[in-house]
Amino acid sequence: QVQLVESGGGLVQPGGSLRLSCAASGFTFSDYWMYWVREAPGKELERISTISGDGTETYYLDSVKGRATISRDNAKNTLFLHMSDLRPEDTALYHCARDPKRNTWSAPDLRTWGRGAQVTVSS
(Lines give C-alpha, C1' and ligand atoms only; values in the text may rest on other atoms or scores of the structure.)
Protein backbone atom coordinates (compact mmCIF):
# COMPACT_ATOMS: atom_id res chain seq x y z
CA GLN A 1 0.00 0.00 0.00
CA VAL A 2 1.04 3.55 -0.63
CA GLN A 3 2.46 5.10 2.49
CA LEU A 4 3.60 8.66 2.93
CA VAL A 5 4.92 9.84 6.26
CA GLU A 6 5.81 13.46 6.88
CA SER A 7 8.24 14.70 9.48
CA GLY A 8 10.10 17.84 10.41
CA GLY A 9 7.26 20.08 11.48
CA GLY A 10 7.16 22.08 14.65
CA LEU A 11 6.98 25.51 16.17
CA VAL A 12 9.07 28.09 14.34
CA GLN A 13 9.51 31.79 14.94
CA PRO A 14 8.63 34.23 12.18
CA GLY A 15 11.56 34.56 9.82
CA GLY A 16 12.78 31.11 10.68
CA SER A 17 13.21 28.11 8.47
CA LEU A 18 12.63 24.40 8.47
CA ARG A 19 12.81 21.35 6.30
CA LEU A 20 9.99 18.91 5.96
CA SER A 21 10.59 15.36 4.87
CA CYS A 22 8.26 12.75 3.46
CA ALA A 23 9.20 9.10 3.48
CA ALA A 24 7.48 7.15 0.73
CA SER A 25 6.91 3.45 0.40
CA GLY A 26 4.63 0.98 -1.34
CA PHE A 27 5.20 2.25 -4.86
CA THR A 28 7.93 3.11 -7.32
CA PHE A 29 8.69 6.54 -6.00
CA SER A 30 10.69 7.76 -8.99
CA ASP A 31 7.76 7.14 -11.34
CA TYR A 32 5.53 9.67 -9.65
CA TRP A 33 5.15 13.39 -9.60
CA MET A 34 4.94 14.48 -5.99
CA TYR A 35 3.28 17.38 -4.23
CA TRP A 36 3.31 19.32 -1.02
CA VAL A 37 -0.07 20.65 0.02
CA ARG A 38 -1.17 22.41 3.17
CA GLU A 39 -4.39 22.95 5.00
CA ALA A 40 -5.29 25.45 7.65
CA PRO A 41 -8.55 26.02 9.54
CA GLY A 42 -11.00 28.05 7.51
CA LYS A 43 -8.88 27.93 4.37
CA GLU A 44 -9.00 25.81 1.28
CA LEU A 45 -6.35 23.26 0.61
CA GLU A 46 -3.35 24.86 -1.06
CA ARG A 47 -0.99 23.16 -3.44
CA ILE A 48 2.34 24.50 -2.27
CA SER A 49 4.75 22.84 -4.63
CA THR A 50 5.11 20.15 -7.26
CA ILE A 51 8.05 18.14 -8.53
CA SER A 52 8.45 15.74 -11.41
CA GLY A 53 9.54 12.16 -10.97
CA ASP A 54 13.13 12.85 -11.96
CA GLY A 55 13.25 16.14 -10.08
CA THR A 56 13.90 18.29 -13.13
CA GLU A 57 10.62 20.18 -13.08
CA THR A 58 9.35 22.10 -10.10
CA TYR A 59 6.47 24.48 -9.50
CA TYR A 60 5.54 26.69 -6.59
CA LEU A 61 2.58 28.56 -5.25
CA ASP A 62 3.16 32.27 -5.77
CA SER A 63 3.02 33.01 -2.06
CA VAL A 64 5.97 30.73 -1.34
CA LYS A 65 8.15 31.42 -4.37
CA GLY A 66 11.61 32.42 -3.27
CA ARG A 67 11.01 30.95 0.16
CA ALA A 68 10.40 27.31 -0.64
CA THR A 69 12.44 24.64 -2.34
CA ILE A 70 11.07 21.25 -3.21
CA SER A 71 13.45 18.39 -3.84
CA ARG A 72 13.58 14.63 -3.80
CA ASP A 73 16.04 11.84 -3.26
CA ASN A 74 14.78 8.94 -5.31
CA ALA A 75 17.46 6.63 -3.97
CA LYS A 76 16.01 7.15 -0.51
CA ASN A 77 12.37 7.43 -1.56
CA THR A 78 12.15 10.76 0.19
CA LEU A 79 10.56 14.07 -0.69
CA PHE A 80 11.66 17.33 0.90
CA LEU A 81 10.36 20.83 1.31
CA HIS A 82 12.66 23.51 2.64
CA MET A 83 11.04 26.76 3.66
CA SER A 84 12.62 29.94 4.89
CA ASP A 85 11.45 33.36 6.03
CA LEU A 86 8.42 31.71 7.51
CA ARG A 87 5.38 33.80 8.26
CA PRO A 88 2.41 33.27 10.56
CA GLU A 89 0.24 32.68 7.52
CA ASP A 90 2.38 29.66 6.72
CA THR A 91 0.92 27.96 9.76
CA ALA A 92 -0.78 24.84 8.50
CA LEU A 93 -0.75 21.10 8.36
CA TYR A 94 1.62 20.16 5.56
CA HIS A 95 0.99 16.98 3.62
CA CYS A 96 2.91 15.23 0.92
CA ALA A 97 1.00 13.45 -1.79
CA ARG A 98 1.68 11.63 -5.00
CA ASP A 99 0.00 11.87 -8.34
CA PRO A 100 -2.63 9.14 -8.75
CA LYS A 101 -1.05 7.86 -11.97
CA ARG A 102 2.51 6.96 -12.90
CA ASN A 103 4.52 9.43 -14.93
CA THR A 104 1.61 11.83 -14.96
CA TRP A 105 1.25 15.40 -13.81
CA SER A 106 -2.32 16.05 -12.81
CA ALA A 107 -3.18 16.72 -9.18
CA PRO A 108 -2.30 15.37 -5.75
CA ASP A 109 -4.05 12.19 -4.74
CA LEU A 110 -5.79 12.97 -1.49
CA ARG A 111 -6.79 9.37 -0.99
CA THR A 112 -3.27 8.36 -0.12
CA TRP A 113 -1.66 11.54 1.13
CA GLY A 114 0.28 11.52 4.33
CA ARG A 115 -1.24 12.45 7.65
CA GLY A 116 0.72 15.65 7.68
CA ALA A 117 3.26 17.56 9.67
CA GLN A 118 2.09 20.56 11.64
CA VAL A 119 4.00 23.77 11.09
CA THR A 120 3.22 26.60 13.46
CA VAL A 121 4.86 29.96 12.87
CA SER A 122 4.54 32.11 15.94
CA SER A 123 6.57 34.16 18.35
Side-chain angles (χ1 to χ4, degrees):
Q1 302 92 336
V2 174
Q3 291 187 353
L4 300 168
V5 182
E6 301 91 343
S7 62
L11 177 63
V12 186
Q13 293 184 323
S17 63
L18 55 68
R19 186 178 75 163
L20 299 176
S21 299
C22 173
S25 61
F27 65 101
T28 304
F29 182 65
S30 61
D31 285 349
Y32 287 82
W33 283 70
M34 297 293 294
Y35 308 81
W36 283 101
V37 301
R38 68 186 182 189
E39 59 179 349
K43 299 176 65 177
E44 292 188 353
L45 208 63
E46 290 186 310
R47 190 184 305 179
I48 301 302
S49 187
T50 308
I51 188 168
S52 61
D54 63 5
T56 60
E57 294 185 57
T58 59
Y59 299 92
Y60 299 92
L61 183 69
D62 283 344
S63 64
V64 305
K65 284 182 178 178
R67 301 190 298 119
T69 301
I70 189 171
S71 62
R72 64 194 297 161
D73 186 339
N74 286 345
K76 297 182 178 180
N77 288 354
T78 304
L79 178 72
F80 302 99
L81 179 69
H82 180 268
M83 294 192 67
S84 61
D85 192 23
L86 287 162
R87 307 161 183 173
E89 51 264 42
D90 292 319
T91 296
L93 183 64
Y94 286 71
H95 303 265
C96 66
R98 73 167 194 173
D99 197 276
K101 188 175 181 180
R102 289 183 299 163
N103 303 125
T104 301
W105 179 26
S106 58
D109 186 355
L110 304 185
R111 300 172 301 173
T112 57
W113 65 350
R115 294 179 178 178
Q118 179 65 41
V119 174
T120 301
V121 184
S122 176
S123 59

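We count residues from 1, following the sequence as given.
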Report yes or no: does N103 contribute a side-chain atom to a donor-acceptor pair with the main-chain N or O of D31 at less than 3.5 Å? yes
Kindly give the heavy-atom pair with the smallest separation between A107 and P100, and that separation in Å. O-CD, 3.1 Å
Can you confirm whether W36 sits close enough to L61 that some side-chain heavy atom of one is under 4.5 Å from a side-chain heavy atom of the other? no
Assigning hydrophobic clusters by single linkage (Ile, Leu, Val, Met, Phe, Trp, Tyr; side-chain heavy-atom cutoff under 4.5 Å), is L45 placed with M34? no
If two hydrophobic side chains count as joined below 4.5 Å and joins carry through other members, does L20 share a cluster with I48? yes
Hey, mind stepping through N77 and S25 against side chain to side chain contact (heavy atoms under 4.5 Å, CB included) and telling me if it holds? CA-CA 7 Å; N77 288 354; S25 61; 5.7 Å; no
Report the C-alpha separation of Q118 and T91 in whole Å, then their side-chain angles, then the decisive distance to 0.1 Å, and conclude whether the side chain to side chain contact (heavy atoms under 4.5 Å, CB included) test is met. CA-CA 8 Å; Q118 179 65 41; T91 296; 3.9 Å; yes
Gap between atom CZ of R115 and atom CG of L93 - 0.5 Å precision: 11.5 Å
Would you say the side chain of S71 lies within less than 4.5 Å of the side chain of H82, judging by non-hydrogen atoms? no
Under 4.0 Å between a Lys/Arg side-chain N and an Asp/Glu carboxylate O for K65 and D62? yes
Between W33 and Y59, how do the two ring planes meet: parallel, tilted or perpendicular, split at 30° and 60°? parallel
Say whether, by atom type as modelled, one donor and one acceptor occur between the side chain of R67 and the main chain of D85 under 3.5 angstrom. yes
Taking every non-hydrogen atom, the tightest pair across V119 and G9: CG2-CA, 4.2 Å
Same apolar cluster: L79 and W105, side chain cutoff 4.5 Å: no
Transitive ILVMFWY side-chain link F29 to I51, under 4.5 Å: yes
Shortest non-hydrogen contact from A40 to A92? CB-CB, 4.1 Å
Quick one, R47 and Y35 - any side-chain contact, counting heavy atoms below 4.5 Å? yes
Side chain to side chain, R98 and T112, heavy atoms closer than 4.5 Å: yes
Where do M83 and V64 land on the side chain to side chain contact (heavy atoms under 4.5 Å, CB included) test, with the steps shown first? CA-CA 8 Å; M83 294 192 67; V64 305; 4.0 Å; yes
Main-chain N/O of A97 paired with Y32 side-chain donor or acceptor, under 3.5 Å: no
With rounding to the nearest 0.5 Å, note down the distance linking CZ in R72 to SG in C22. 10.0 Å
Determine, stepwise, if the pair S106 / D99 fulfils side chain to side chain donor-acceptor pair (under 3.5 Å). CA-CA 7 Å; S106 58; D99 197 276; 2.7 Å; yes
L4, V37: one ILVMFWY side-chain cluster at the under-4.5 Å cut-off? no
Could you tell me whether a side-chain N or O of N74 sits under 3.5 Å from a main-chain N or O of G53, the two making a donor and an acceptor? yes
Closest non-hydrogen atoms of T78 and S21, given as atom of the first, atom of the second and distance, are CG2-CB, 4.4 Å
Can you tell me how far the CZ atom of F80 sits from the OG atom of S7, to the nearest 0.5 Å? 8.5 Å
Taking it one step at a time, do D90 and R38 satisfy side chain to side chain contact (heavy atoms under 4.5 Å, CB included)? CA-CA 9 Å; D90 292 319; R38 68 186 182 189; 3.0 Å; yes
